[in-house]
Amino acid sequence: MPTAPAQRATAVPNDLEAYWLPFTANRAFKAAPRFIARAKDMHYYTPDGRAVLDGTAGMWCTNAGHNRDPIVEAIRAEAAELDYAPAFQFAHPKAFELASRVAALAPGDLDHVFFCNSGSEAVDTALKIALAYHNVRGEGARTRLIGRERGYHGVGFGGISVGGMVNNRKLFGTLLAGVDHLPTTYNREHQAFSKGEPDWGAHLADELERIVTLHDACTIAAVIVEPMAGSTGVLPAPKGYLPRLRAICDKHGILLIFDEVITGYGRLGHAFAAERYGVNPDMITFAKGITSGSVPMGGVIVRKGIYDAFMRGPMHVVELFHGYTYSAHPLACAAGLATLDLYREEGLFERARKLEPVWAEAAMSLKGLPNVLDIRCVGLTAGIDLASRPGEVGKRAYDAMDKAFHEHDLVIRAAGETLVLTPPLIVSEREIEEMFATTARVIKAVA
Ligand SMILES: Cc1ncc(COP(=O)(O)O)c(C=O)c1O
């Protein structure tokens, strides 16, 4: 009989020195490590068996919950069946099956899928496809890429160039040339404590017209935005903003890319946020939720016209000189298929949509607690801005995250001075209550 996760103990190494943790305060971590050894459904288990509620779906990725049996079984079976097949000039059946399933979930004529292994790779792939697409159509002067302030598009050079989070950019040189940024859609004065999409801010899309006027449309390849800016602390798109961006891109022949690495696969109550907003971009990037975080995978969904533009020239010649050794890896495809089945069988996207008002109510109940400057939420996401202590930007949120884990059995995320909650879509109403009650407790504790 299998041992329940809580009953097993896991050995922890004495020497923590060699591992350089990503996006982590390494010295603080190694002084008081937040170890996770096992997981099941809504919970993690520490090496000594303490159950910790997952308030963040890992990092916005375990949308179906942790270690779900059908996904585990699919990975196990595929590992025994096909460990690897070359991704270039050869393929395995599940790659095609998964591409069809992903395309079927996407809106409009977004019907071809290019696979990679992460959100960062998906973003760089989409940017490269945009540049190459204009080239193959004889509009090679369209080389400019437009991102947005406070945007996060991963950590490749393409992604940090179009991204707009200063700490991710400032130490890494000149980045890509020819990149401009739209202004952030966030304005506390006009939007504080909005539930869902704020009423104010659609006009900020018009800044794209200003950028077009400056450079001329014939130099601009693509605009990339997150429908909801997640990593910067949950900034939902203002009402009407995305349709306006779409209209301006159409007017000027500019491709519109939605980075749905976070918003894809149910986070905002739909397969993709594009559906929630009734806006069809030209490309959608995805990752994370495609396998519910179980095996790394990312990808780009492109409109038919983009794919078709490349399908020319001699039959034996490669049409796009781009790809990864692990594009459409068999384990990732098997995990992806099992995950999409689970989303459908359990109606998890609809579940997120149904829970959204309950979630928003619980999040907003924290208004009025010490140092809470703003709360934002959309779908099953919430960002809670805290006031910084003098000279210690980010320390209050860090302390809250640390206390939540060590003292209150809850994983929340600290993004700068914002606490972020984004649970698996299987979360229950009782667990939502518990998450925000605990968050309230730690906010008071760091006052
Ligand atoms: C919108 C968005 N794009 C890209 C990425 C990068 O994904 P990855 O960390 O898998 O490279 C992230 C990660 O959080 C993201 O939120």
Side-chain angles (χ1 to χ4, degrees), residues 21-24 56-63 114-130 145-165 167-169 172 176 181-182 184-186 222-237 242 256-268 272-274 276-277 281 283-301 324 326-327 329 332 335-336 339 376 378-383 411-416 418 420-422:
L21 288 84
F23 273 122
T24 297
T56 61
M59 287 172 47
W60 323 77
C61 48
T62 58
N63 292 1
F114 195 103
F115 286 115
C116 50
N117 310 288
S118 68
S120 299
E121 288 181 358
V123 165
D124 281 10
T125 298
L127 299 178
K128 287 176 73 176
I129 289 175
L145 300 167
I146 315 295
R148 191 168 60 191
E149 293 164 3
R150 297 193 67 176
Y152 183 71
H153 301 291
V155 293
F157 272 103
I160 60 172
S161 300
V162 292
M165 293 175 70
N167 286 330
N168 299 343
R169 295 162 52 88
F172 306 113
L176 285 187
H181 290 79
L182 291 161
T184 175
T185 61
Y186 182 59
V223 170
I224 181 167
V225 292
E226 303 155 88
M228 179 276 298
S231 294
T232 189
V234 181
L235 310 180
L242 294 170
L256 179 61
I257 305 168
F258 279 179
D259 185 347
E260 297 230 28
V261 164
I262 279 178
T263 52
Y265 304 105
R267 180 62 47 200
L268 300 196
F272 295 101
R276 177 175 173 120
Y277 297 113
M283 290 188 246
I284 289 176
T285 57
F286 66 87
K288 298 186 188 263
I290 177 66
T291 61
S292 195
S294 61
V295 181
M297 176 171 247
V300 184
I301 318 170
Y324 302 90
Y326 300 117
S327 283
H329 190 281
T339 301
R376 297 171 293 278
V378 63
L380 290 189
T381 71
V411 168
I412 52 179
R413 184 143 186 227
T418 306
V420 177
L421 287 99
T422 60

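Everything numeric here is computed off the predicted structure, so don't read it as measured data. Counting starts at 1 for both ligands and their atoms, following the listed order.
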Q: Name all residues meeting the salt bridge (charged side-chain N to carboxylate O under 4.0 Å, His left out) criterion together with Arg276; count only those two or more places apart in sequence or in a different chain, and write none if there are none.
A: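 Here the qualifying residues are Glu197, Glu356.
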
Suppose I only count heavy atoms of [X] and a 4.0 Å limit; which atoms of ligand 1 are within that range?
X      : result
Glu226 : 1 (C)
Ser231 : 14 (O), 16 (O)
Ser118 : 10 (O), 11 (O)

List the closest protein heavy-atom neighbour of [atom]: residue, atom name, distance to the nearest 0.1 Å.
atom                    : result
atom 7 (O) of ligand 1  : Gly119 CA, 3.2 Å
atom 16 (O) of ligand 1 : Ile262 CD1, 3.1 Å
atom 9 (O) of ligand 1  : Ser120 OG, 4.4 Å
atom 3 (N) of ligand 1  : Asp259 OD2, 2.7 Å

Q: Measure the OG1-CD1 distance between Thr422 and Ile262 for me, rounded to the nearest 0.5 Å.
A: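 One finds 7.5 Å between OG1 of Thr422 and CD1 of Ile262.
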
(Q) I need the Arg148 CZ to Thr185 OG1 distance, nearest 0.5 Å. (A)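 Between Arg148 CZ and Thr185 OG1, I get 5.0 Å after rounding to 0.5 Å.
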
(Q) Taking 4.0 Å as the limit for heavy-atom contacts, which would you say applies to Ala287 with ligand 1: side chain only, backbone only, both, or neither? (A)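 It is neither part, as no heavy atom is under 4.0 Å.
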
Q | Side chain, backbone, both or neither: the part of His153 lying under 4.0 Å from ligand 1 by heavy atom | A |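 Answer for His153: backbone.
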
Q: Before giving the answer on side chain to side chain contact (heavy atoms under 4.5 Å, CB included), spell out for Val261 and Tyr152 the whole-Å C-alpha distance, their side-chain angles and the decisive distance to 0.1 Å.
A: CA-CA 10 Å; Val261 164; Tyr152 183 71; over 6 Å; no

Q | The one among Phe286, Tyr152, Phe258 that brings a heavy atom closest to atom 12 (C) of ligand 1 | A |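 Answer by nearest heavy atom: Tyr152.
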
Q | Modelled atom types, side-chain donor and acceptor of Arg150 and Thr232, under 3.5 Å | A |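 A pair is found: one side chain offers a donor N or O, the other an acceptor, under 3.5 Å apart.
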
(Q) Is Gly230 close enough to touch ligand 1? Criterion: a residue heavy atom under 4.0 Å from a ligand atom. (A)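 False for this residue.
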
Q.
Between ligand 1 and Lys288, can you find any atom pair, the residue atom being a heavy atom, that is separated by under 4.0 Å?
A.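 Yes, that is the case, since the closest heavy atom of the residue is under 4.0 Å from the ligand.
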
Q: State, yes or no, whether a side-chain contact exists between Ile257 and Leu127 at a heavy-atom distance under 4.5 Å.
A: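 With C-beta onward as the side chain, the pair touches.
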
(Q) So Asp259 and Val123, do their side chains get closer than 4.5 Å, heavy atoms only? (A)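 SC-SC contact between Val123 and Asp259 confirmed.
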
Q) Sub-3.5 Å donor-acceptor pair from the side chain of Arg267 to the main-chain atoms of Ala273, do we have one? A)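 Between the backbone of Ala273 and the side chain of Arg267 there is no qualifying donor-acceptor contact (under 3.5 Å).
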
